[in-house]
Amino acid sequence: MTDKKADVCFAAVGDLHCTEASAGTLRGFFAQASEAADALLLCGDLTDYGTQKEAKVLADELSVVAVPVIAVLGNHDYECGAADDVRRILQAAGVQVLDGEAVEVQGIGIAGAKGFCGGFGRASLGSWGEPAVKQFVQEALHEAMKLESALAKLRTRRRIALLHYSPIAGTVQGEPPEIFAFLGSSRLEDPLVRYPVDLVVHGHAHRGALEGRTVNGVPVYNVAKPLLLRTFPDQPPFRLLRLPAE
Ligand SMILES: [Fe+2]
Ligand SMILES: [Fe+2]
């Protein structure tokens with residue numbers, strides 16, 4: 001445990017992709033994260049197909065964690081059409097699943113939303129043409145508004161934004177450029193410019209880059225588990241991020 005007067009420490013990881021076969025395999029590193037940090041942040045793709053069985057395995061694995069667990073869902077958690085069940089099972093296990101909401105851990109605010117894709121900067125998909133394209137863009141705007149309303153609820157001086165999709169192109173570098181548009185959206189960056197945020201964590205881009213910055217200099221960390229495992233093969237797959245305690 002960190003010196004709580006000096007720092008609040010968060011262990012962050014995304015893309016656990018928990019399956020039924022994961023039973024017994026995650027609790028070791030969950031226990032290490034719980035020991036090392038004051039809270040655990042899970043950046044979506046908690047399960048592989050979004051089934052109730054997978055969510056129950058994950059809930060069971062998380063039972064060793066003694067610190068608050070705050071999560072957002074990812075696209076994989078929606079695959080079976082049972083995202084509400086996944087959320088409910090994890091909430092019953094004490095996980096705070098954010099979808100446009102905010103929580104506080106030791107005076108640090110955490111605003112969470114899944115986010116959505118659509119591309120970055122000038123390559124962003126525009127709301128133009130067929131209704132299906134407009135609906136797609138609308139979904140990204142809707143997720144950006146969820147993040148914004150979560151940030152607006154916080155009165156803490158320090159804030160973390162917790163996402164699944166990336167808000168910047170910087171942390172998807174390394175992925176094939178052809179799929180950048182499916183890895184995140186600059187529309188998620190807008191609330192991070194409008195509201196003061198100390199750091200952003202996300203997953204989804206398994207082959208992306210570890211760190212980047214928003215246009216206004218906020219550090220963004222891609223904590224997708226496959227990326228962490230590949231970059232730090234000798235360490236447990238979570239990123240420790242510290243913010244000064246208030
Ligand atoms: Fe993933
Ligand atoms: Fe994903």
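Just so you know, residue 1 is the first one in the sequence shown, and it goes up from there. Hydrogens, waters and symmetry mates play no part in the numbers below; they use all other heavy atoms, side chains included. Counting starts at 1 for both ligands and their atoms, in listed order.
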Exercise for the section: Rounded to the nearest 0.5 Å, what's the gap from CZ on Arg27 to CG on Leu58? Could you check? Expected result: 11.0 Å
Could you list the donor-acceptor pairs under 3.5 angstrom formed between side-chain atoms of residues 107-127 and any protein atom two or more places apart in sequence or on another chain?
{"from": "Ser124", "atom 1": "OG", "to": "Gly119", "atom 2": "O", "distance (Å)": "3.2"}
{"from": "Ser124", "atom 1": "OG", "to": "Gly121", "atom 2": "N", "distance (Å)": "3.4"}
{"from": "Ser124", "atom 1": "OG", "to": "Gly121", "atom 2": "O", "distance (Å)": "2.9"}

Exercise for the section: Would you mind counting protein N, O or S atoms that sit less than 2.8 Å from the Fe ion (ligand 2)? Expected result: 4
Practice task
Step through it carefully: locate the ring centre of His164, locate the ring centre of His202, and say whether they are under 6.0 Å apart.
Solution key: no
Practice task
Check salt bridge (Lys or Arg N to Asp or Glu O under 4.0 Å) between Asp48 and all other residues, then give those that pass, not counting sequence neighbours.
Solution key: none
Problem - Side-chain hydrophobic cluster, 4.5 Å single linkage: members besides Val57 - result: none
Problem - Qualifying residue for side chain to side chain contact (heavy atoms under 4.5 Å, CB included) with His204, from Leu163, Asn222, Asp45 - result: Asp45
